[in-house]
Each structure stands twice: as C-alpha cells, then as structure tokens.
A.B. asks: 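Here it is: the structure, laid out below.
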2 protein chains.
Amino acid sequence: MKPSVVTIEPNGHFCSECAVRGAAVCSSLNAVELREFEHLGRRVHFNAGETVFSEEEITTSFYNVLEGVMRLYKLLPDGRRQIVGFALPGDFLGMNLSGRHNFSADAIGVVTVCQFAKAPFGRFIEDRPQLLKRINELAIRELSQARDHMVLLGRRSADEKVATFLLGWRERLVTLKGLSDTVPLPMSRQDIADYLGLTIETVSRTFTKLERHGVIEIIHGGISLLDPARAEAMAAA
Amino acid sequence: MKPSVVTIEPNGHFCSECAVRGAAVCSSLNAVELREFEHLGRRVHFNAGETVFSEEEITTSFYNVLEGVMRLYKLLPDGRRQIVGFALPGDFLGMNLSGRHNFSADAIGVVTVCQFAKAPFGRFIEDRPQLLKRINELAIRELSQARDHMVLLGRRSADEKVATFLLGWRERLVTLKGLSDTVPLPMSRQDIADYLGLTIETVSRTFTKLERHGVIEIIHGGISLLDPARAEAMAAA
DNA sequence: TGACGTTTTTGATCTCGATCAAAGACGCCG
DNA sequence: CGGCGTCTTTGATCGAGATCAAAAACGTCA
C-alpha cells in the first residue's frame, strides 16, 4: 500500500547459515555453489503494508522469502481484489514469462527477503540444471495448489472455505514451526475474505459460528483449534 | 466417464511433420534430437467421453495433445466438479510431484495425444536443459492462467464470467486456427458451468441474455460473436 | 488516561445465482 | 418417420451470502 521504503543490508550474511536453507530453491546447491550464490542475493527488509512488487511492473528481481508473511494478489480495474496466495519463508517469487509479474505482493507485518537481480540469477541457473529442476518442482507444486484453490473458490460453501483455510494454514505452519493447535493469523479478516472469495462480514460470522460450535476459539492474533476432527469434517463437505 | 478403450497406432508418425511441432514442448528440440525423441512417443486415440487419466492415478505417462479438446477437472467427494482448464493441441499434460496427477482428464469429442512413458522421457530430459526450460515455461504460463482463473472464480459476477470465458476461448482458438467471430464450443453447458463455478441454468440464461442484447448469436455447436467490443466491456466489469 | 482512527463483530435486509420443475430441442436408432 | 434418452432452455421460488448500517473492540499516541 505505502511506497516501498526498504532497508538493504550492506552484507555479512551467509547462505550456509540461512534459516530457509533446506526448504528454498537453494536446497539444490552444494557447498561450493552456495559460496558463489551468496554474492548474488541481498537481504532486503520491508515493513508492514509495504509493496514488494506489483502486478504490471517489469520483473527485475527474484525473491526468496526469509521471514514474515506476504499476500499475493490481483486487482480488477474497479478495485475488487483476489488474493491468490500467501507467501511464507522458503517460498520463491518472481518466476514469470512476458517479463512482468502477474500479481502484486505486499508485506503483512515485517518481511525479509533474499533478492536476486534477474540477469545474474539467470546466468547462474544457465549451467546448473538441478537448480532449474528445483524451480520447476516449486512451480509444479504451486500449480497443484492453485488448482486446489480453484475448487475451493468455484465449488465450496462459505463454511467449507473457512474450515479448509484454517486447516491448510495450520498445515503450512506445522511444516515451518512444528505442530500446534494455536494458529496465528497475521493477515486481516479482509485478507482472508479476499483469499476465499467472500466478504469480510461472512468471514467474521463464520469464525463466530465455528467458535459457538466449539470448533475453534478466537484468540488475540489468531485462533486456537479446539476440535480439529470437526473442522476436518466441515472442510471435506 | 467410460473405461478407456483406446487405439494405439503401431507407429509410422514423424515429429517433423507433427501438427503441433511449433507450439508444443518439442519446439525446443533440434532436428537431431527430434529423430531420437520420435521413438519415445506413441500416438494414442481417445473417443468422446473417455478418460485419459484420473486424479489419484499414479503418473506413468506424459501427454502432448495433438488434436481435439480435453476437460481437466477435480471432483469433491460428494460429486461436485470443478473444471480447472480445457486442453487444446500443443498443451502438455502430466507434470506433477508426488507421482500422482492431481486432476483428471477426459476427451471431449475425439482426441489424439502423443504419449510418453515417464521413465524414458525423464532420462531424455536429463541431459537436455533446454527441454526442461521449455517445460518450465509452460508450467509458469499455466500458473499465470490459473491465477487469472482464481480472480474470475472468486470475484466476478455470472455475466462477467461468461463473457470472459467466451473471449478467452476465442483467443485460444485464434492462436490455433486464426481469427474468426464464429466460436465453436465443443464442451457442454455443464462443462462451462463447472469451469466458471456456476450452474448449468445460469450459464444457459446468461447465453440467452447475451443473445437478446445482440452480443452473441447462439449457433449449432457454438456461438457467433456479434459485438466483441460489448463482450469485452462486460468481461472487464 | 482518554480521544480517535481502524478493524471486527453483529444485526437487518436485499439480491444474485441456486434449486426445483417442466417444457423444448436435438440426436440416434429401429 | 417416430419414439426415446439426453441436453438445453425457460419459468417459479428459495436461500446463501452480499450489502447496508451501526455498535463494539482494539491500537495508538498525545
């Protein structure tokens, strides 16, 4: 939303001790390659609400999310918004044809990314097919998620959408931080609504309904999943 | 829908004279590679309604569509269906992680595909990074289309959905067969509904409405686009 | 602490698209 | 040509979720 007033760290970081070392694109590189790779990326910080890149911008960089959460979205000319995904640490952004991102990305809360200039990154990939293969894997996984989300948007009820979202979000955090029934929700109700193809009121009402039925408890900055089994049942239809 | 009673042509086809030579994955191969590639694929025919592969099946093949139209879809346990796309000649199917297709594919009308066994195809790619790069390009293009479709499913009205679909479908046929205001629609109204996240009745009513307003004419097996500008305006909102 | 802007929740009402129902239109085969 | 199954269109009604409106909760900063 605000103009990007970013902080670029001069340097002094090492891929080998990077938090997302195992999960990200770089997992396909060996120790020697990693040393070289190190010089390509810069750590960049964004504050809450800042835009990392936007839809019609020419792509000049790729991004690897290191910490924080981002919302990825597209806008219609009249302002309607569809959030196409949330990015978490380890996610890789910026792949595109046509030289333009085809979605925008905002920081939700504080975000750190590892930014790569397009050209040198492209050259680095050139003779490292296993890195390309890794990127391909990530693209295919995203494609699969995108198709799942189409089913949700096109064919599921509001209750199913919300239950599916909560379980899916929890699942992502599980692989990131380990299992917990406390599910932080850093994004706003409006973000959730725009992700699920609903209005903010419907999301809010559905949360309250889930709480009344003892499925969740609404806590500060998130929810607590009291009855995962019932949530699962609601999500499956 | 029916069990796959397919016809496999013994052989006698050449990539170099293939109809989709320019558009498909194989566009990244030179003449020498193409000769080798030829031995990997088999032409396989499917009749209307036959299933080429389905969702939970282990992937054993990749497919290159040569002629005809396919519907790609996912089913919910209770039978609700979301069509995630239509495949046309030149489209490449079968990329996946986890070893399973994550959607099903039926022939709409008669279909011919070029089928590749997974293992030899994988080996062939191994030392041809430009083929991998081409596959990556296709995946990224699909991802972009998937995100556009999410916007449609989550944030557009029935009128907008139908208008957007007609224009988008026409656009795809343009790149395949050249420009024409006559737009064949080989898929059923139910297919269109399941693609747009609507019911068959709403699709039918919207078609009639567009016809009443002089935007289209409903003809046998398709529509005729009488007023592209107005259709465009409806699609953009 | 309290005033103010923002976000979330709750309530009342409306509407678009779904559902239910039936009539046409079309294709296929005897 | 006529009978039958399937697909499409049209009509009548319903309801999930949107919209409009206001209250409540929360965060921030003087």
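All values below come from the heavy atoms of this structure, side chains included, with hydrogens, waters and symmetry mates left out. What you see is a predicted model; the values in this text were computed from it and never measured. Convention: sequence-line order gives letters A, B, ...; per-chain numbering from 1.
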A.B. asks: Angle between the two end axes of the helix from C:dT1-D:dA30 to C:dG30-D:dC1, five base pairs per end, rounded to 10 degrees?
C.D. replies: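 Between the first-five-pair axis and the last-five-pair axis there is 30°.
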
A.B. asks: Looking at every heavy atom in both B:A105 and B:M70, which two are closest together, and how far apart are they?
C.D. replies: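 It is CB-CE, 3.4 Å.
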
A.B. asks: How about B:F53 and B:Y63: are their ring centroids closer than 6.0 Å?
C.D. replies: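 B:F53 vs B:Y63: aromatic centres under 6.0 Å.
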
A.B. asks: Let me have a per-nucleotide readout for nucleotides 8-22 of chain C, 5' to 3', with B, S or -, counting only protein heavy atoms under 4.0 Å.
C.D. replies: SBBBB----SSBB--

A.B. asks: Taking the six-membered ring of B:F207 as reference, does the cationic atom of B:R189 (NZ for Lys, CZ for Arg) lie under 6.0 Å from its centre and within 45° of its axis?
C.D. replies: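 Flagged: B:R189 positioned over aromatic ring of B:F207.
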
A.B. asks: Does this structure show an ion pair linking A:K74 with B:D148, if we count only N-O contacts that are shorter than 4.0 Å?
C.D. replies: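 Yes.
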
A.B. asks: What protein N or O atoms touch nucleotides 22-26 of chain D N or O atoms at under 3.5 angstrom, if any, and at what distances?
C.D. replies:
none

A.B. asks: Rounded to the nearest angstrom, tell me the gap between atom CG in B:D194 and atom P in D:dT8.
C.D. replies: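 After rounding, the gap between these two atoms is 12 Å.
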
A.B. asks: Is there side-chain contact between A:L166 and A:L210, with heavy atoms separated by less than 4.5 Å?
C.D. replies: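 Touching, per the 4.5 Å side-chain cut-off.
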
A.B. asks: Using only heavy-atom distances, determine whether the side chains of A:T202 and A:T199 contain a donor-acceptor pair under 3.5 Å.
C.D. replies: yes

A.B. asks: Can you tell me how far P of D:dT9 sits from CD1 of B:I223, to the nearest Å?
C.D. replies: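 Spelled out: CD1 on B:I223 to P on D:dT9 is 12 Å.
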
A.B. asks: Separation of A:K209 atom NZ from D:dG17 atom P, in whole Å?
C.D. replies: 8 Å

A.B. asks: Nearest 0.5 angstrom please: B:R170 CZ to B:T175 OG1, how far?
C.D. replies: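 Rounded to the nearest 0.5 Å, the CZ-OG1 separation comes to 12.0 Å.
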
A.B. asks: When the aromatic ring centroids of B:Y195 and B:F165 are compared, is their separation below 6.0 Å?
C.D. replies: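 Yes - the distance between ring centres of B:Y195 and B:F165 falls below the 6.0 Å cut-off.
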
A.B. asks: Can you give me the closest heavy-atom contact between B:E211 and B:I218, atom names plus distance?
C.D. replies: OE2-N, 2.8 Å

A.B. asks: Do A:F86 and A:R172 have side chains that get closer than 4.5 Å, going by heavy atoms?
C.D. replies: yes

